[in-house]
Amino acid sequence: MRRPMVAGNWKMHGTRASVAELIKGLRQLALAPGVDVAVFPPCLYISQVIEGLAGKSMAVGAQNCAIEPFQGALTGEIAASQLQDAGCSLVLVGHSERRMLLGENDGAVARKFAAAQSCGLTPVLCVGETQAQREAGKTLEVVGRQLDGVIESLGVGVFARAIIAYEPVWAIGTGLTASPAEAQTVHAAVRAQLAAENADVARGVRILYGGSVKAASAAELFSMQDIDGGLVGGASLNADEFGAICRAAGN
Ligand code: 13P
């Protein structure tokens, strides 16, 4: 049985004051014991969030890490070892906003994935197709290639200590959600791709869905066989809405 997880990606949102408000709201949430909950604040606020959520069982992660695992001369970047030192346990790698706007390719994503694991962080590998790729019938090919980028350089075994997030680019921040059946098709294909090399790893890995997840759509998405929770953007900035999504994962 895979333990469901709901993760909030705050993206480039927040000020010290709004983060303090959000922490206050998160502290008040009644969380289901069977669901893992995590938040990914902007790096600048990670310490504030870790201190603010002390004693609350919520993991804190970063939205990115450097391709090099350890501190060194790499201006503007943050090493996985530094994130671990700050108290993070997870890190997103390969979010589509970084792939598309910052030109992050599969090679860089694999290096970040490896850097995260070498420092004891759990990478959350984000994959997903654009609208044009979906319309061209290339969804499974694109997602399969993104997954292969990691498998070919690091081996399938690394997914025993990782999480995958399927986030169709056309559903991110648009209010459009993949239907539960559409999402399930991709999640099942991702799991099958891993299973072709290692059935145990495939069975154990959690695959989250992301893309306009709201409290109203969460329960139906999370009821699908291969959807193990959600990676939530906009709705995670509202503690009550985020809490409702976390509860949906527990039912
Ligand atoms: P939205 O929930 O705002 O669509 O964002 C999804 C996402 O990109 C999470 O990483």
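All ligand and atom numbering here is 1-based and tracks the order in the structure. As a basis for the values below, the full set of heavy atoms in this structure was taken, side chains included, without hydrogen atoms, waters or symmetry mates.
- At least one N/O-N/O distance between Gly173 and ligand 1 falls below 3.5 Å.
- Put simply, the side chain of Arg206 gets close to the backbone of Arg3: a donor and an acceptor are under 3.5 Å apart.
- Side-chain atoms of Phe222 and Pro4, non-hydrogen and from C-beta on, never get closer than 4.5 Å to each other.
- Between Gly233 and ligand 1, an N or O atom pair is found at a separation short of 3.5 Å.
- Between Met100 and Thr130, some side-chain heavy-atom pair lies under the 4.5 Å cut-off.
- Inclusion of His95 in the set of residues having an N or O under 3.5 Å from an N or O of ligand 1 is warranted.
- Considering both main-chain and side-chain atoms, Asn9 comes within under 3.5 Å of ligand 1 through a nitrogen or oxygen pair.
- Distance alone, capped at 3.5 Å, is enough to place a donor-acceptor pair between the Arg191 side chain and the Ala202 backbone.
- Remark: minimum distance from atom 5 (O) of ligand 1 to any protein heavy atom is reached at Lys11 NZ, 3.2 Å.
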Evaluate side-chain contact (heavy atoms from CB on, under 4.5 Å) for Ile164 paired with Val190, printing each intermediate quantity in order. CA-CA 9 Å; Ile164 297 170; Val190 166; 3.9 Å; yes
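- Per-residue contacts place Gly234 under 4.0 angstrom from the following atoms of ligand 1 (heavy atoms of the residue considered): 1 (P), 2 (O), 3 (O).
- Under the 3.5 Å distance criterion, with hydrogens and angles disregarded, a donor-acceptor pair is assigned to the side chains of Glu129 and Trp170.
- Close contacts of ligand 1 with Ala171, meaning ligand atoms under 4.0 Å from a residue heavy atom, involve 4 (O).
- The shortest N or O to N or O distance between Ala235 and ligand 1 is not under 3.5 Å.
- Those atoms of ligand 1 that come under 4.0 Å of a heavy atom in Ser212, given as number and element, are 1 (P), 2 (O), 4 (O).
- Under a 3.5 Å cut-off, the side chain of Lys138 and the backbone N or O of Val143 do not form any donor-acceptor pair.
- Of all protein heavy atoms, the one lying nearest to atom 7 (C) of ligand 1 is Glu167 OE2, 3.1 Å.
- One distance of note links CG of Asn251 with SG of Cys246; it measures 11.5 Å at 0.5 Å rounding.
- Residue-ligand proximity, Leu231 to ligand 1, at heavy-atom distances under 4.0 Å covers atoms 9 (C), 10 (O).
- Those atoms of ligand 1 with a heavy atom of Gly211 less than 4.0 angstrom away are 4 (O), 6 (C).
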